[in-house]
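Letters go in sequence order (proteins before strands), and every chain restarts at 1.
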There are 2 protein chains.
Amino acid sequence: MWHRPRKPVLHYFTMDHTLLLSGIAKHISLEKEEEAYFVSLLHQKKVRKKQLLLEEGEINSKLNYVTEGCLRSYAVDKNGFEHVLQFAPPGWWIADMHSILTQKPARLNIDAIEDSEIIFMLKPDFDALLLRMPKFEHYFRILAQNALATYQYRQIDHLSLSAMERYANFCQLYPSLIRSLPQKQVASYIGVTPEFLSKMLNTMIIK
Amino acid sequence: MWHRPRKPVLHYFTMDHTLLLSGIAKHISLEKEEEAYFVSLLHQKKVRKKQLLLEEGEINSKLNYVTEGCLRSYAVDKNGFEHVLQFAPPGWWIADMHSILTQKPARLNIDAIEDSEIIFMLKPDFDALLLRMPKFEHYFRILAQNALATYQYRQIDHLSLSAMERYANFCQLYPSLIRSLPQKQVASYIGVTPEFLSKMLNTMIIK
DNA sequence: ACATTTTCTTAATCTGCATTAAGTTTTTCT
DNA sequence: AGAAAAACTTAATGCAGATTAAGAAAATGT
């Protein structure tokens, strides 16, 4: 039987920074050598589905940026139930901000919902980057402010909307996630049990 | 009847920037002329209890910093109930971040819980400040990141704790606010009705 | 000082969502 | 392909917290 020859295996591989760099380029412009320095601080990693990147109790030392797949952050309550704080599809940063900033134990876990690829930066390198290249203060300020705006409105939604309204909201806000996520994860994000979400979706719909 | 002569009325008055400037000094150090420029962008205002500073639907054009009293931001749901997002005692910034950033109509209202004094900066001046004095990128990045960390954990608390636990949390986090706020406002912040909070506090306590 | 408004309390009733449990379908692993 | 695990569904029962209502206490305005 004939086999088509495989592509040669590369033992070094090109890190895929294009997404991250183009995201950064929307806010600041970098000289070639600035970019090179920045890139030198990055690490790459492939993670398998369900693999933990951060566990509650650890100190969060990495800023994770997703290039492929999807991560999530979540906390586990005293009854063992998981509550999703954030999903991170490609193009998103994800971390336990409180732990990163204060270097205290994290309350959040971070894991992969599907096989994924990430780029990450270590906290000391992050601090060094900001000292050496103050331009990045701007980029990360914008990032933090946008995230802050999002959390403000999400909190309001949580205080003032019903489960059904929160679900509709989620669908509108993250149409691509709705298609790719298990219902269970969506339920956890909007703050209901999987059983209730299932019932809600199957009794509300006019057949 | 004898009257003690009043202090002469000053028609200019010293703005009280000390709180704000010392807060800034914790993160960046300013030359005298830098400080002077920054101060030149600030405005001062006294607000009476219940006075609205931002109304839902308006575009939020001011970054407000509280020097005395207490402000709050809140949204009103379709049944007319208020939901408090944030309290701002002295030393805190308060704004509808989404509206400030995108210059779209705000979902939040901001008003004074008691007679207060604020310092505010206009959005165009804020943008100009950051362009002219990039140091401030650092200050506002730190601010935004801290706020973000706080909202992340608050969201988790909301997803995973009972009303009683959220109340206990609030007491621990903001002991001075608990003493000065009407119970009603606290109820709205933790996401329960005033009736339920009252019942909770008066039946849980062993007499 | 008194009238008005706002806040707090108590209690009865109601409901949105949780819990439990068991069965079914889909996905994942070997 | 077949077994195991994970995700989804359905239904009965339970409960934390909402709603409604009405009175008491406290704060506020004039």
By side-chain hydrogen bond (donor to acceptor under 3.5 Å, both in side chains), B:E117 pairs with (sequence neighbours left out) B:Q44

Quick note, ring-ring contact (aromatic ring centres under 6.0 Å, His included) partners involving residues 64-84 of chain A, not counting sequence neighbours, are A:Y65-A:W93

Its contact letters, B for base, S for sugar-phosphate only and - for none at protein heavy atoms under 4.0 Å, make nucleotides 15-30 of chain D read --BSBBB------S--

By side chain to side chain contact (heavy atoms under 4.5 Å, CB included), B:A75 pairs with (sequence neighbours left out) A:I156, B:L108

Q. When the ring centroid of A:F38 is compared with that of A:F136, is the distance short of 6.0 Å?
A. yes

Taken in chain and number order and not counting sequence neighbours, the residues that satisfy side-chain hydrogen bond (donor to acceptor under 3.5 Å, both in side chains) with B:Q145 are B:R141

For residues 48-64 of chain A, tabulate all N or O donor-acceptor pairs below 3.5 Å that involve a side-chain atom, not counting sequence neighbours.
| unit_1 | atom_1 | unit_2 | atom_2 | d |
| --- | --- | --- | --- | --- |
| A:Q51 | OE1 | A:R48 | N | 2.9 |
| A:N60 | OD1 | A:D96 | N | 2.8 |
| A:N60 | ND2 | A:K62 | O | 3.0 |

Sorted by chain and number, sequence neighbours left out, side-chain hydrogen bond (donor to acceptor under 3.5 Å, both in side chains) with B:S162 holds for B:E165

The complete set of side-chain hydrogen bond (donor to acceptor under 3.5 Å, both in side chains) pairs with one or both residues in residues 167-187 of chain B, sequence neighbours excluded, reads B:R72-B:Q185

Taken in chain and number order and not counting sequence neighbours, the residues that satisfy side chain to side chain contact (heavy atoms under 4.5 Å, CB included) with B:T102 are B:H98, B:K104

Checklist entry - Quick one: is B:N202 getting a side-chain N or O under 4.0 Å of the C:dC8 phosphate, OP1 or OP2? => result no

Sorted by chain and number, sequence neighbours left out, side-chain hydrogen bond (donor to acceptor under 3.5 Å, both in side chains) with A:D127 holds for A:K123

Rounded to whole Å, CD of A:E165 lies from C1' of C:dC17 at a distance of 14 Å

Whole-Å distance, B:E114 CD to C:dT6 C1', equals 16 Å

Rounded to whole Å, CZ of A:R48 lies from P of C:dT28 at a distance of 12 Å

Note: contacts of residues 175-190 of chain B with DNA chain D (heavy atom, under 4.0 Å) are none

As a check of understanding: the bend across the helix from C:dA1-D:dT30 to C:dT30-D:dA1, end axes from five pairs, rounded to 10 degrees, works out to 70°

